[in-house]
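Convention: sequence-line order gives letters A, B, ...; per-chain numbering from 1. Note that the coordinates shown come from a computational prediction; the quantities given were computed from them, not determined experimentally.
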There are 2 protein chains.
Amino acid sequence: MKTAHVDELDTAERVLTAASHLFYRHGVRAVGVEWIVTESGVAKTSLYRHFHTKDDLIAAFLEREDREFWMQWDQVVNDNAGDPLRELLALLDWIGQRVSRDGYRGCPQINVAAEFSDDEHPARRIRVRHKAAMYERLSALMRRIGARQPDDVAHQIALLIDGAFTSDGRLQHVGATRILQSAARALLGGEPVRARPSGARPKSQGQRQRRPR
Amino acid sequence: MKTAHVDELDTAERVLTAASHLFYRHGVRAVGVEWIVTESGVAKTSLYRHFHTKDDLIAAFLEREDREFWMQWDQVVNDNAGDPLRELLALLDWIGQRVSRDGYRGCPQINVAAEFSDDEHPARRIRVRHKAAMYERLSALMRRIGARQPDDVAHQIALLIDGAFTSDGRLQHVGATRILQSAARALLGGEPVRARPSGARPKSQGQRQRRPR
DNA sequence: AGTATTCGATACCGATCGGTAGCGCTGGAG
DNA sequence: CTCCAGCGCTACCGATCGGTATCGAATACT
């Protein structure tokens, strides 16, 4: 059915890629389909053959952003498996780098959702799901770390992350990663218990030590 | 020159009020001038007599939001003058209530700025100024509180606040104020020094005590 | 009273919006 | 070889975009 040239990009893929870049950089309402057509080098007819409406294209953009975000998240998690605290710090490092990149313009979920008022709009639904998933993962992670109030800390770290997302490179010169990581450490209560790689459940939040520097 | 009926609203004022509500609720690009005309009950000609372009109207909207935000901020500050920590907690309480209100749709500066890509656009300029002012105030406050690393903590609390702004009522049922305040306390390093109401400059961050509960 | 300004109303401008119709080409599957 | 789905191209649709022109009524300052 669909084979085409293996070395060339799929038509739908080219459309979605071009649309994603434009949507992210300029906002979805600022980008007309004609612009996407020009940028992707695809006929308008073909665009509408794969995405029935512009809203479908917007939804596809956000769905893909969502998928890729969690893929990278999981990658960082897997690279630091075993030590939950290390996992958290690695995630914050990844986010710190992400928001410091040139051309970073915030979280697409937040940005696009703000352009629509109808809560039934796919953009807003996807955003809600995305942020709920974020909290769930953080909450589970806080439990594994052994935080005393895992739900509260999860909410707080979620706030830090969303704040970093909207910072638009404001933290670039002070070190986004450093700010995020030290905040997380503080939120976990000074110096949290370092859990053993082999599932040692931390129960006492014993010896507090001054921060290394 | 301009007196008009004292009991009636100024024409420009009616336009700006209607535009502000629509802009905030639906996003600036989703709202056409015709819609503002209908909602304000003002002739299109009159609208353009006071605001030469739609961008001028958008800028006026954001400028006013900025002014009113700092007016309320200063109000909270004045109501809690003397004790810097109390001041901070009161500010976070105010923000917690603000983001929990029905119909809260995030920070207008963040939302509108995301709809434009040109950094020279007034919306993005005002946003940068607004957020810079936020950091400056927080940084000064952290110094008055006696935080050990005032700049870092200021950045971290700014992240919390921006995160709360974009939470869209997600913290409503867990208590936004509680989450924000406990985060701030933790970021200040357990229990920070409580400054005397009469200008006692805290220099040593002496006795650390375990959190009350 | 006279004059200048501001108002609302309507009609209009070119440009662009999201989306569709029709046509001619092409390349891979049967 | 035949067939046909997917492609690019162009022309087009009604609706709406931001913004302007014109005009008569109402208002305010001198």
Subject >> N or O in side chain of S46(B) less than 4.0 angstrom from dG8(C) OP1/OP2 >> reply: yes

Original post:
The side chain of Y48(B) lies closest to which of these nucleotides: dC9(D), dG6(D), dG19(D)?
Top reply: dG19(D)

Original post:
Across the strands shown, which category fits T45(B) at heavy-atom distances under 4.0 angstrom: base, sugar-phosphate, nothing?
Top reply: base

Original post:
For K44(A) and H50(B), take the nucleotide of DNA chain C holding the closest heavy atom to each; which residue's nucleotide lies nearer the 5' end?
Top reply: H50(B)

Subject >> Distance below 4.0 Å between H52(A) side-chain N/O and dG18(C) OP1 or OP2 >> reply: no

Original post:
Charged N to carboxylate O below 4.0 Å: is that the case for R129(B) and E63(B)?
Top reply: yes

Subject >> Donor-acceptor contact below 3.5 Å, side chain Q172(A) vs main chain S100(A) >> reply: yes

Original post:
What is the distance from CG of D56(A) to P of dG19(C), rounded to the nearest Å?
Top reply: 9 Å

**OP:** Could you tell me the separation between the CH2 atom of W35(A) and the C1' atom of dC17(C), rounded to a whole number of Å?
**Re:** 14 Å

Original post:
Do any N or O atoms from the side chain of R124(A) and from the backbone of F116(A) form a donor-acceptor pair under 3.5 angstrom?
Top reply: yes

**OP:** Give a yes-or-no answer on whether the side chains of S139(A) and R143(A) include a donor-acceptor pair shorter than 3.5 Å.
**Re:** yes

**OP:** Using atom CZ of F51(B) as one end and atom C1' of dT6(C) as the other, report the distance to the nearest whole Å.
**Re:** 15 Å

Original post:
Between dG19(D) atom P and K54(B) atom NZ, what is the distance in whole Å?
Top reply: 8 Å

Subject >> Closest contact, heavy atoms only, L47(A) versus V33(A) >> reply: CD1-O, 4.5 Å

Subject >> Test side chain to side chain contact (heavy atoms under 4.5 Å, CB included) applied to V112(A) and F61(A), step by step >> reply: CA-CA 10 Å; V112(A) 177; F61(A) 159 55; 4.0 Å; yes

Subject >> From dG19(C), dG8(C), dG8(D), nucleotide with atom closest to A43(B) side chain >> reply: dG8(C)

Subject >> Side chain proximity check, R64(B) to T17(B), heavy atoms < 4.5 angstrom >> reply: yes

Original post:
Heavy atom of residues 18-34 of chain B under 4.0 Å from DNA chain D: which residues?
Top reply: V31(B), G32(B), V33(B)

Original post:
Rounded to whole angstroms, how far apart are CZ on R49(A) and P on dG8(D)?
Top reply: 8 Å

Subject >> d(CD1, I36(A); P, dT16(C)) in whole Å >> reply: 16 Å

